[in-house]
Amino acid sequence: RGSRATSPDGSNGNGARRRANSGAKGGDSGDNLTRVRVAVRCRPFSADEADQQCVISMKEQLTTVLDPAYFEYREALGASAPIDEAQFRRDFTFDSCFWSHEAEHLNHPSPRVRPRRQGGEDDEAIGHASQEVVFEELGRPMVNAAMKGINSSLFAYGQTGSGKTYTMLGDIGVSNPEEGNDADKASVLSPETAINDPSPSALGESELPEHSGVIPRICDALFHSTRGLQAQIQITFVEVYNEQLFDLIRAPGGDASDPPPLKVREDNEKGPYAPDATLVTVTNNVEVRRLLALGLAARTTAATRMNDESSRSHAIFTVILRMAPAGDDAVESLTSKIHLVDLAGSERGNSTGVRGERLREANNINRSLSTLGDVIKALGNQANKATKRHSQRSFVPYRNSILTWLLKDSLGGSALTCLLAAVSPLADSYGETLTTLRFVQRAKLISNDDNVNADSNPNAVIARLRAEVKQLKEQLA
């Protein structure tokens, strides 16, 4: 098993945090609280699923799941028999609904539950949500927040085979270095060669592929936004496998085939972090995609009954943006982090058919996801108590899993947070789909602080103090 990873150093220097001016106001204190944003995306059928029933529909912010029993009743009673469709429907409301299923595969029996275009007529199918649409809706606000010094996080959650990794990574424009030719392998052999090798054999195009996911698009947008500014962009890439943290972009060599797990520390200033994780400075999206390819080759995957390349670990890709003051007169420098988390899929042993080591992995995956659910539930209870003016706070079990401990600030701290639920349209996945949607629905109760991470510019402070001293001397004279 190969593993590597990165957890950010999390350092904000010795600078202070201050409230952002953007975000929804919460409570009576005037603090800027931003509710966790929740979105859902429905994937298309695969080639061998084209004859299956689609049980999901969307209209604006409404996602409807139809119980497959409806089709059985319809077939048994006949097309003309009256059936109360409402008792078979489950409705969920989210901030964003992305319909990435093909309209030609619709098998809904009634126009009332067909996907619809936002603001369109009842019989008009909803438009296809491409990778770019998902980025503009979820990723672009994170880029804008980072430019203001505000941390942000995006979690992709759902059952195995629901399209989480495609949404987060998509087509990065480079093949697996372990399967490519010698030139491909050389270009992504290590973080150093991935950055310094000018050869375009593995990845020479600076333009993003059409099907690039949220992660490469966010990095590309940051490069464009910081062009001409004094800015530094660094990345880390880690995975949580069997409740241990591993570096995904560590240079090979020595015992790289069985690397030791990273230790997680907690600091009053930094919060939880992995001090030994590899931190790489990048300057363009080609370097980012090469490092992504390096990390993906090391990430733990395995074949299950539901997915030929099922992720057996939670991958955490972190982007750290540091922007220096624009000039000597500028008072503050800004530091921000973007956590992009591709969670392993929730699993049921009888559905995936895993045994032995795969079953142990599945148990650890479900354990960490269960802890994530407990954390979200506890944070939601805290939000309810705050609304009801109760002073008692619920215990939040962050330390029950390394995943929730490492991402403590993203879940209940000072960050803009988004949770994306990836769901399958299959009738066979009805139970898992309901579980996923109910899980992420609870996250809508959580509110975080959107603090700005600002460090004082010593040059500006010194200049200001000297000016004050000069002014006082002139007054005394």
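These figures come from a predicted structure and were not determined experimentally.
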Please find the pair of heavy atoms, one from [X] and one from [Y], that lie closest to each other, and give the distance.
X	Y	value
G345	L369	C-CD1, 4.2 Å
A378	P397	CB-CD, 4.3 Å
V214	V134	CG2-CG1, 4.1 Å
Q441	T93	NE2-N, 4.4 Å
A344	H314	N-ND1, 2.9 Å

Check for a donor-acceptor pair, side chain of [X] on one end and backbone N or O of [Y] on the other, with a separation under 3.5 Å.
X	Y	value
N151	K337	yes
R322	I233	no
T417	S410	yes
N242	Q244	no

Any side-chain donor paired with an acceptor under 3.5 Å for [X] and [Y]?
X	Y	result
Y241	E361	yes
T436	E432	no
R217	S212	no
R367	S401	no

Non-hydrogen side-chain atoms of [X] and [Y] separated by less than 4.5 Å:
X	Y	answer
E239	R312	no
M58	L62	no
P216	L292	yes
F155	C418	no
V423	S162	no
F92	V40	no
S333	M323	no
L420	F98	yes

Which residue pairs satisfy the salt bridge (Lys or Arg N to Asp or Glu O under 4.0 Å) criterion with at least one member in residues 128-137, sequence neighbours excluded?
R37-E137, E136-R140
Separation of [Y] [atom2] from [X] [atom1] (nearest 0.5 Å):
X	Y	atom1	atom2	value
F237	L296	CZ	CG	5.0 Å
L222	N285	CG	CG	11.5 Å
W405	S368	CH2	OG	15.5 Å
L154	L416	CG	CG	12.0 Å
N400	I402	CG	CD1	13.0 Å
S370	N364	OG	CG	12.0 Å

Test side-chain hydrogen bond (donor to acceptor under 3.5 Å, both in side chains) on T281 and Q234 and set out the steps.
CA-CA 4 Å; T281 301; Q234 296 177 304; 3.2 Å; yes
Verdict with reasoning, Y166 to H211, per side-chain hydrogen bond (donor to acceptor under 3.5 Å, both in side chains)
CA-CA 9 Å; Y166 174 77; H211 298 288; 3.2 Å; yes
Partner set under side-chain hydrogen bond (donor to acceptor under 3.5 Å, both in side chains) for D374, not counting sequence neighbours:
none
Any residue meeting side-chain hydrogen bond (donor to acceptor under 3.5 Å, both in side chains) with D95, in chain and number order, not counting sequence neighbours
R35
Relative to each other, are the rings of H101 and W99 parallel, tilted or perpendicular (30° and 60° limits)?
perpendicular
Pair R442, L379 - check side-chain contact (heavy atoms from CB on, under 4.5 Å), show working.
CA-CA 9 Å; R442 293 199 299 264; L379 292 172; over 6 Å; no
R41 vs S100, test: side-chain hydrogen bond (donor to acceptor under 3.5 Å, both in side chains). Steps then yes/no.
CA-CA 7 Å; R41 188 183 196 188; S100 300; 2.7 Å; yes
Could you go through the side-chain contact (heavy atoms from CB on, under 4.5 Å) check for F439 and L372 one step at a time?
CA-CA 10 Å; F439 178 94; L372 178 60; 3.9 Å; yes
Would you kindly check if the NZ (Lys) or CZ (Arg) of K164 is within the cone defined by 45 degrees around the ring axis of Y157 and under 6.0 Å from the six-membered ring centre?
no
Looking at E266 and K408, is there a salt bridge between them, counting it only when a charged N and a carboxylate O are closer than 4.0 Å?
yes
Output yes when E468 and K473 qualify as a salt bridge under the 4.0 Å nitrogen-oxygen rule, no when they do not.
no
K444 atom NZ: more than 12 heavy-atom contacts under 6.0 Å
yes
